[in-house]
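Once you've had a glance at the structure underneath, I'll fire off some questions.
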Number of protein chains: 2
Amino acid sequence: MDRRQQKTRTAIFSAFTALLAEKSYHKITVQEIIDAANVGRTTFYAHFAAKDDLLQALCQELFGHIVGSALDRTHTHGLYSDGSAPESVFCHLLQHLRENDNNILGLLACQSSEIFLRYFKNSLNELVRTQLVERRGAAQLPLPQDFLINHISGSFVEMVLWWIKGRMKQTPEELDGYFRAVIEPVL
Amino acid sequence: MDRRQQKTRTAIFSAFTALLAEKSYHKITVQEIIDAANVGRTTFYAHFAAKDDLLQALCQELFGHIVGSALDRTHTHGLYSDGSAPESVFCHLLQHLRENDNNILGLLACQSSEIFLRYFKNSLNELVRTQLVERRGAAQLPLPQDFLINHISGSFVEMVLWWIKGRMKQTPEELDGYFRAVIEPVL
DNA sequence: TAAGATAACAAACACCTTGTTCGTTTTTAT
DNA sequence: ATAAAAACGAACAAGGTGTTTGTTATCTTA
């Protein structure tokens with residue numbers, strides 16, 4: 001693959017994420033993005049059909065990666081029920097978030113966080129579903145499976161949002177403790 | 001207050017909500033709104049500084065009202081701990097939603113639902129906070145108060161979203177049962 | 001019911017954003 | 001070294017925004 005393509009692609013991505021830290025997604029113009037990325041107008045549209053496309057691509061790259069790696073982890077460690085606290089997938093996810101390799105936290109904390117939160121939650125849904133189905137037969141669950149999955153990933157996402165907005169005063173391990181406290185009783 | 005003002009205000013509101021059922025908030029233009037409302041351009045801007053203003057006003061009117069009435073209710077019935085199932089505030093809230101006086105459901109189900117969900121959750125936070133503080137001393141809580149408040153209102157909002165997306169197959173009473181099942185264990 | 005105030009209106013405006021086109025220049029891969 | 005691929009600047013039409021201006025319709029209250 002042409003180096004030039006990679007270069008402009010990442011230039012656009014990082015200019016975009018930088019802008020997202022400043023202002024709402026919908027107030028960001030393509031003009032600002034290409035100025036910040038130092039990229040020609042034509043070039044931008046050669047890579048992305050529109051601003052929405054860029055957003056989509058960014059989400060896919062970030063969340064696809066983070067949840068994908070968490071999914072691998074569930075195969076060895078399980079969601080929760082193995083009892084070994086610091087190995088829980090959720091704890092690992094939180095640690096991964098705090099390390100913040102590719103600035104996911106920035107996106108979840110920005111003015112347009114709802115957009116990324118929804119994407120995050122959808123990704124989590126799959127993760128939780130596969131895990132829940134593996135662990136227990138559907139018949140044993142005290143509540144409808146769909147409801148439970150939604151409750152778990154929804155609670156997690158809301159917790160992360162709360163964490164970030166509160167300036168992340170808790171460690172991932174503490175937070176994982178809170179989460180276990182509210183989720184394990186209903187499993 | 002001048003009847004003309006009320007008339008155009010409600011005309012704009014209902015045109016706006018109708019449009020929201022069709023397309024995303026950000027793709028709706030002021031032109032479409034005033035066409036649908038049959039209102040002059042100048043008139044629109046006399047009422048609202050911009051599209052965002054209209055959104056804000058709509059949210060305030062709808063959620064302010066629904067949560068306000070729920071808040072009154074807590075003074076007589078409490079959040080949950082009185083034990084009388086069908087009287088819980090959350091159940092009442094769900095019933096109120098299903099009746100759908102002013103089309104709140106439409107907004108929570110529309111393409112731009114995230115916007116309204118956030119607003120809804122913020123309103124709920126106050127409701128839950130006042131209730132939680134009244135009921136129990138902060139010292140008795142097993143988890144940080146802020147975390148709990150966020151968890152409760154967050155879970156509720158996510159549940160409502162799940163309910164709507166699943167075409168509301170459950171009755172408010174069923175749903176309230178689910179909610180109690182996942183919340184009461186952690187109180 | 002008449003007078004004055006208030007609100008709605010249409011038309012035109014300057015300005016900005018979008019997405020596309022075209023011809024040219026730079027970079028890459030072979 | 002050359003041909004393909006990518007980036008570029010400039011210019012474009014189309015459409016949205018928010019404001020201004022002067023006029024008309026409607027309310028309030030005296």
Side-chain angles (χ1 to χ4, degrees), chain A residues 1-61 107 110-116 119, chain B residues 1-61 107 110-116 119:
Chain A
M1 163 150 318
D2 206 315
R3 272 177 244 157
R4 289 171 292 179
Q5 284 193 61
Q6 272 305 332
K7 207 174 131 196
T8 58
R9 192 179 163 88
T10 60
I12 290 174
F13 272 158
S14 68
F16 185 44
T17 51
L19 282 168
L20 278 167
E22 286 174 20
K23 57 203 301 191
S24 151
Y25 167 72
H26 293 96
K27 308 226 163 182
I28 295 173
T29 70
V30 174
Q31 193 61 54
E32 290 172 315
I33 298 173
I34 64 182
D35 284 351
N38 210 17
V39 153
R41 188 169 197 72
T42 327
T43 308
F44 177 89
Y45 284 106
H47 281 258
F48 305 100
K51 214 177 55 175
D52 283 7
D53 229 49
L54 170 58
L55 179 68
Q56 196 67 19
L58 183 65
C59 286
Q60 205 154 349
E61 195 149 311
L107 298 181
C110 80
Q111 285 182 53
S112 306
S113 54
E114 331 87 36
I115 299 172
F116 301 101
Y119 207 101
Chain B
M1 165 152 314
D2 205 315
R3 272 177 244 159
R4 288 171 296 179
Q5 283 192 61
Q6 271 305 332
K7 206 174 132 196
T8 59
R9 192 180 163 88
T10 59
I12 290 175
F13 272 157
S14 68
F16 185 44
T17 51
L19 282 167
L20 278 166
E22 286 175 21
K23 57 203 302 191
S24 151
Y25 167 71
H26 294 96
K27 309 227 161 180
I28 296 173
T29 69
V30 172
Q31 193 62 54
E32 290 172 316
I33 298 173
I34 64 183
D35 283 351
N38 209 16
V39 153
R41 189 169 196 70
T42 327
T43 307
F44 177 89
Y45 284 106
H47 280 258
F48 305 100
K51 215 177 54 173
D52 283 8
D53 229 50
L54 170 58
L55 180 67
Q56 197 67 21
L58 183 65
C59 286
Q60 205 154 349
E61 194 149 312
L107 298 181
C110 79
Q111 285 182 52
S112 306
S113 55
E114 331 88 35
I115 300 173
F116 302 100
Y119 208 101

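All chains are named by letter (A, B, ...) in the order of the sequence lines, taking the proteins before the strands, and each is independently numbered beginning at 1.
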Exercise for the section: Ignoring hydrogens and angles, tell me if any N or O in the side chain of Gln111(A) forms a donor-acceptor pair with the backbone of Glu22(A) under 3.5 Å. Expected result: yes
Exercise for the section: Would you mind reading off the distance between Ile28(A) atom CD1 and dT18(C) atom C1', rounded to a whole angstrom? Expected result: 16 Å
Problem - Pairs where residues 36-49 of chain A contributes a residue and the test side-chain hydrogen bond (donor to acceptor under 3.5 Å, both in side chains) is met, not counting sequence neighbours - result: Thr8(A)-His47(A), Gln31(A)-Arg41(A)
Problem - Nearest-angstrom distance from the residue atom CD of Glu32(A) to P of dG19(C) - result: 14 Å
Problem - Closest to the Val30(B) side chain, choosing from dA5(D), dA8(C), dG18(D) - result: dG18(D)
Exercise for the section: Decide yes or no, distance alone: a donor-acceptor N/O pair under 3.5 angstrom between the base of dA10(C) and the side-chain of Thr42(B). Expected result: yes
Handout entry: Side chain Arg3(A) and base dT28(C) donor-acceptor under 3.5 Å
Key = no
Problem - Any His47(A) side-chain N or O less than 4.0 Å from OP1/OP2 of dA6(D) - result: no
Fill in the blank from the handout: Of the candidates dA5(D), dT6(C), dT18(C), the side chain of Arg4(A) sits closest to dA5(D)
Practice task
Salt-bridge test for Glu61(A) and Arg9(A): reply yes if a basic N is under 4.0 Å from a carboxylate O, no otherwise.
Solution key: yes
Practice task
Can you tell me the distance, in whole Å, between the CD atom of Gln6(A) and the C1' atom of dT27(C)?
Solution key: 16 Å
Fill in the blank from the handout: Between CZ of Phe48(B) and C1' of dA8(C) the distance, given in whole Å, is 15 Å
Exercise for the section: Measure the distance from CG on Asp35(A) to C1' on dC16(C) and round it to the nearest whole Å. Expected result: 14 Å
Problem - From dT20(C), dG18(D), dA8(C), nucleotide with atom closest to Tyr45(A) side chain - result: dT20(C)
Completion exercise
By nearest-heavy-atom nucleotide on DNA chain D, the more 5' of Thr29(B) and Asp2(B) is Thr29(B)
Handout entry: Protein-nucleotide distance (Met1(B), atom CE; dA5(C), atom C1'), rounded to Å
Key = 15 Å
Exercise for the section: Compare the minimum distances between each of dA8(C), dT17(D), dG19(C) and the side chain of Arg41(A), then state the nucleotide with the smallest one. Expected result: dG19(C)
Problem - Nucleotide dA29(C), atom P - distance to NZ of Lys7(A) in whole Å - result: 13 Å
Fill in the blank from the handout: Taken to the nearest whole Å, CD/Gln5(A) to P/dA5(D) is 11 Å
Handout entry: Earlier contact from the 5' end, DNA chain D, for Thr43(A) and Ala49(B)
Key = Thr43(A)
Handout entry: Beyond-backbone contact of Tyr119(B) with Gln60(B), side-chain heavy atoms, under 4.5 angstrom
Key = yes
Exercise for the section: Please step through side-chain contact (heavy atoms from CB on, under 4.5 Å) for the pair Phe13(B) and Thr17(B), ending with a clear verdict. Expected result: CA-CA 6 Å; Phe13(B) 272 157; Thr17(B) 51; 5.7 Å; no
